[in-house]
Amino acid sequence: MMAGLEELRARDFIQQCTNIDGLEKLLESDTVSFYCGFDPTGPSLHVGHLVPLFAMAHLNRAGHRPIALVGGGTALIGDPSGKTEMRKMQTKEQIASNAQSIKNQIAKFIDFDGGSAIMVDNYEWLGGLNYIDFLRDIGRHFSVNRMLSFETYKMRLETGLSFIEFNYQLLQSYDFLTLYQREGCRLQVGGDDQWGNIVSGADLTRRIEGVEVYGLTFPLVARSDGKKMGKTEKGSLFLDPGLTPPYEFFQYWRNVADPDVEKFLKLYTFLPLEQIKELSGLKDSEINRAKEVLAYELTAIVHGKETAEKAREAAAAAFSSAAGSTDAIPSIEIPRSEIEAGIQVLDLFSRTNLCSSRSEARRLVVQGGASVNDKKVEEVEAVIDAGWVEDGVITLKAGKKRFFQIRVV
RNA sequence: GGGGAGAUUCCCGAGUGGUCAAAGGGGGCAGACUGUAAAUCUGUUGGCUACGCCUUCGAAGGUUCAAAUCCUUCUCUCCCCA
């Protein structure tokens with residue numbers, strides 16, 4: 001029933017481990033409770049959180065028990081790991097509301113209903129912490145000399161590190177200890193930027209409880225062009241459909257670089273490895289099929305099958321003039337009367353997400369990148385009227401692949 | 001607490017009285033080439049009622065015909081000493 005690390009290993013999830021052989025044995029012999037923390041510093045998880053989410057799901061499927069920890073307490077402080085600047089402080093209300101939405105997103109990867117998986121918020125034990133007690137019981141186990149030797153802090157020593165951030169590691173370590181005590185949690189997983197914090201937590205638990213607990217990190221995925229995952233010109237790619245429309249989410253994956261396809265299929269889908277091998281072996285333009293599968297599978301997990309279908313259909317219709325509904329393409333509504341009166345192309349484009357100002361729209365037209373219903377706009381002064389409406393819709397295109405629809409109502 | 005340096009357009013970073021909407025690089029966007037890929041080349045990159053006007057160079061005042069550039073105060077950051 002129980003399975004070890006083979007799935008994670010086969011899919012290249014493993015970056016570092018405190019004791020890989022020990023962990024493997026433990027996982028094979030028993031149901032292991034493990035945890036992963038998520039910071040509720042934003043209203044939604046983003047693509048960067050996907051690797052830990054998938055990893056948790058794989059471990060869950062292998063028969064282990066996930067504990068999703070929402071850092072309602074630690075978020076009040078901010079983790080300095082991997083950051084060059086201090087995070088903005090957030091109010092408790094903001095964090096509480098973020099925590100709630102994040103819980104719903106994690107639930108897409110882990111089954112909280114049927115299984116034994118649980119969700120906890122560290123505010124529960126950090127919120128009322130007594131400073132003196134904490135220093136006496138926990139603080140004495142930490143050596144500043146050792147902490148300063150961590151890469152995370154070295155970097156921040158260059159730019160400045162506040163004491164409150166320096167404390168973050170103690171709190172996260174305390175989380176691990178607490179979860180061991182309360183839930184018998186033996187493993188903490190996370191992105192590789194969490195390595196220092198995870199090791200500290202394992203050390204602390206060993207010192208106080210005299211047991212070995214484990215830490216495991218996953219690679220921080222970068223795209224083959226060196227850019228950060230999921231960063232678009234508009235910011236992060238979020239899992240919340242309100243922040244990143246599913247169509248846009250789908251398109252992001254549909255457009256990944258060739259060399260990334262195999263890696264992403266392994267990390268970001270549940271497809272069997274044989275199928276992944278087959279898909280990523282496709283050559284030249286054929287590999288586009290693999291990208292479609294990647295985009296569809298992942299969108300289906302995050303947004304549901306139906307939504308994924310729509311996104312796929314809309315993309316196919318827009319790009320290859322295949323028949324199909326284009327409902328999923330981003331759109332706005334404009335009253336019929338306004339269209340009948342005629343709208344300047346520049347105004348039309350700047351009212352959509354395609355352009356943020358008339359100047360930008362003008363530039364687009366001048367450079368030959370604007371089209372309406374697939375006809376290139378030649379004139380900056382052009383006016384769009386009711387004659388352009390097809391089936392209640394006008395389709396705008398900026399560049400080669402950014403589509404937008406005007407729905408006439 | 002004492003001394004020093006600095007805050008420039010999305011980012012890095014020039015500019016120290018008019019020739020500055022502000023060099024250069026990065027990023028973004030567009031065009032060519034393609035496979036809705038990568039690489040490469042080219043153009044472009046504050047706004048507008050657009051060959052002119054308006055708003056920008058940490059904040060607020062001031063000097064001047066004229067300031068991102070000079071003066072005053074303030075806020076923040078970094079460095080050195082204690």
Side-chain angles (χ1 to χ4, degrees), chain A residues 80 83-89 155-163 165 222-237 245-265 279-296 298-299 311-322 324 326 328-330 343-347 349-372 374 376-383 395-404:
Chain A
K83 312 213 166 40
T84 49
E85 294 195 359
M86 186 157 89
R87 235 184 233 173
K88 285 193 188 104
M89 292 283 236
M155 195 167 75
R156 286 299 300 271
L157 284 175
E158 308 276 320
T159 56
L161 176 69
S162 73
F163 188 68
E165 291 178 283
R223 304 194 316 188
S224 60
D225 62 5
K227 281 177 199 146
K228 276 192 189 161
M229 271 315 291
K231 291 290 177 193
T232 66
E233 62 285 2
K234 285 171 192 148
S236 301
L237 201 68
Y247 171 82
E248 209 177 291
F249 186 85
F250 180 95
Q251 280 298 301
Y252 180 84
W253 299 101
R254 172 60 186 79
N255 281 304
V256 298
D258 291 4
D260 289 331
V261 170
E262 180 173 8
K263 179 166 72 175
F264 289 178
L265 283 168
L279 283 168
S280 49
L282 295 171
K283 291 280 176 256
D284 301 322
S285 63
E286 283 290 286
I287 200 164
N288 282 330
R289 267 173 44 214
K291 294 183 190 178
E292 254 157 50
V293 173
L294 168 67
Y296 173 78
L298 186 48
T299 308
R312 178 166 63 183
E313 198 177 319
F319 283 96
S320 61
S321 63
T326 54
I329 290 177
I343 301 181
Q344 287 200 352
V345 244
L346 297 191
D347 285 322
F349 272 82
S350 57
R351 280 168 70 169
T352 69
N353 294 338
L354 263 23
C355 299
S356 56
S357 67
R358 275 175 57 91
S359 294
E360 201 177 311
R362 171 184 298 266
R363 225 172 277 136
L364 188 70
V365 171
V366 169
Q367 295 184 132
S371 357
V372 177
D374 230 27
K376 194 198 232 179
V377 178
E378 306 283 357
E379 262 303 313
V380 171
E381 303 297 330
V383 172
T395 302
L396 307 184
K397 183 161 88 159
K400 280 167 207 146
K401 48 189 185 192
R402 293 155 58 217
F403 292 90
F404 204 93

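Letters A, B, ... are given to chains in the order of the sequence lines, protein chains preceding strands, and every chain is numbered from 1. Scope of the values below: all heavy atoms of this structure, side chains included, with no hydrogens, waters or symmetry mates. Predicted, not measured: the structure shown is a model, and the values here were computed from it.
- Contact check, K376(A) against G31(B): no side-chain N or O comes under 4.0 Å of OP1 or OP2.
- Under the Watson-Crick and G-U wobble criteria, each requiring two contacts below 3.5 Å, nucleotide A59(B) is paired to U73(B).
- G61(B) and A14(B) have their C1' atoms separated by 28 Å, given to the nearest Å.
- In this structure U40(B) sits in a base pair with A32(B), meeting the Watson-Crick or G-U test at under 3.5 Å.
- In this structure, CZ of F319(A) is placed 12 Å from C1' of G35(B), rounded to the nearest angstrom.
- Among residues two or more places apart in sequence or in another chain, the salt bridge (Lys or Arg N to Asp or Glu O under 4.0 Å) test is passed with D374(A) by K397(A).
- Between R402(A) and U36(B) there is no side-chain N or O to OP1 or OP2 distance below 4.0 Å.
- For N255(A) and A38(B), the CG to P distance is 8 Å, given to the nearest whole Å.
- The P atoms of C12(B) and U8(B) are separated by 7 Å, rounded to the nearest whole Å.
- For W253(A) and A37(B), the CH2 to C1' distance is 16 Å, given to the nearest whole Å.
- Rounded to a whole Å, the NZ atom of K283(A) is 18 Å from the P atom of A38(B).
- Look at U16(B): it lacks any Watson-Crick or wobble partner with both distances under 3.5 angstrom.
- With contacts defined as side-chain heavy-atom distances shorter than 4.5 Å, the pair V345(A)/E379(A) does not qualify.
- Comparing the C1' positions of G52(B) and C10(B) gives an interatomic distance of 28 Å, to the nearest angstrom.
- Under the Watson-Crick or G-U wobble criterion, with both distances below 3.5 Å, G1(B) is paired with C81(B).
- Between the side chain of Q367(A) and the base of G43(B), at least one donor-acceptor pair of N or O atoms lies under 3.5 Å.
- Remark: E313(A) pairs with no residue by the salt bridge (Lys or Arg N to Asp or Glu O under 4.0 Å) rule, at least two apart or across chains.
- Rounded to whole Å, the separation between the C1' atoms of C78(B) and A67(B) comes to 27 Å.
- In this structure, C10(B) and G26(B) make a Watson-Crick or G-U wobble pair, each of the two defining distances being under 3.5 angstrom.
- Atom name C1', nucleotides U69(B) and U34(B): the rounded distance is 48 Å, in whole Å.
- No salt bridge links R312(A) with E292(A); every basic N to acidic carboxylate O contact stays at or beyond 4.0 Å.
- Rounded to whole Å, the distance from CZ on F264(A) to P on A38(B) is 12 Å.
- Screening residues 350-361 of chain A for salt bridge (charged side-chain N to carboxylate O under 4.0 Å, His left out), with sequence neighbours left out, gives E338(A)-R351(A), D347(A)-R358(A).
- The salt bridge (Lys or Arg N to Asp or Glu O under 4.0 Å) search around R362(A) returns none, not counting sequence neighbours.
- In this structure, the CG atom of D258(A) is 8 Å from the C1' atom of G35(B), given to the nearest Å.
- Comparing the C1' positions of A59(B) and C48(B) gives a spacing of 27 Å, expressed to the nearest Å.
- Residue order along RNA chain B, read from the 5' end via each residue's closest nucleotide, puts K291(A) first among E360(A) and K291(A).
- With the nearest nucleotide of RNA chain B identified for both A398(A) and R312(A), A398(A) has the one nearer the 5' end.
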Return the polar atom pairs (N/O with N/O) between nucleotides 50-54 of chain B and the protein under 3.5 Å, or none.
{"unit_1": "A50(B)", "atom_1": "N6", "unit_2": "R362(A)", "atom_2": "NE", "d": "3.4"}
{"unit_1": "A50(B)", "atom_1": "N1", "unit_2": "R362(A)", "atom_2": "NE", "d": "3.1"}

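- Remark: the separation of the C1' atoms in G26(B) and C79(B) is 27 Å, to the nearest Å.
- Here, U45(B) and G58(B) have their C1' atoms 24 Å apart, quoted to the whole Å.
- Computed from coordinates, the K400(A) NZ to C33(B) P distance equals 8 Å when rounded to whole Å.
- Residues satisfying the side-chain hydrogen bond (donor to acceptor under 3.5 Å, both in side chains) test with T326(A), not counting sequence neighbours, are Q405(A).
- Comparing A37(B), G31(B), G35(B) by their closest approach to the side chain of N288(A) singles out G35(B).
- Closest to the S357(A) side chain, of the nucleotides G47(B), A30(B), A37(B), is G47(B).
- Taking 90° from 0 as the syn/anti boundary, the base of C51(B) is oriented syn.
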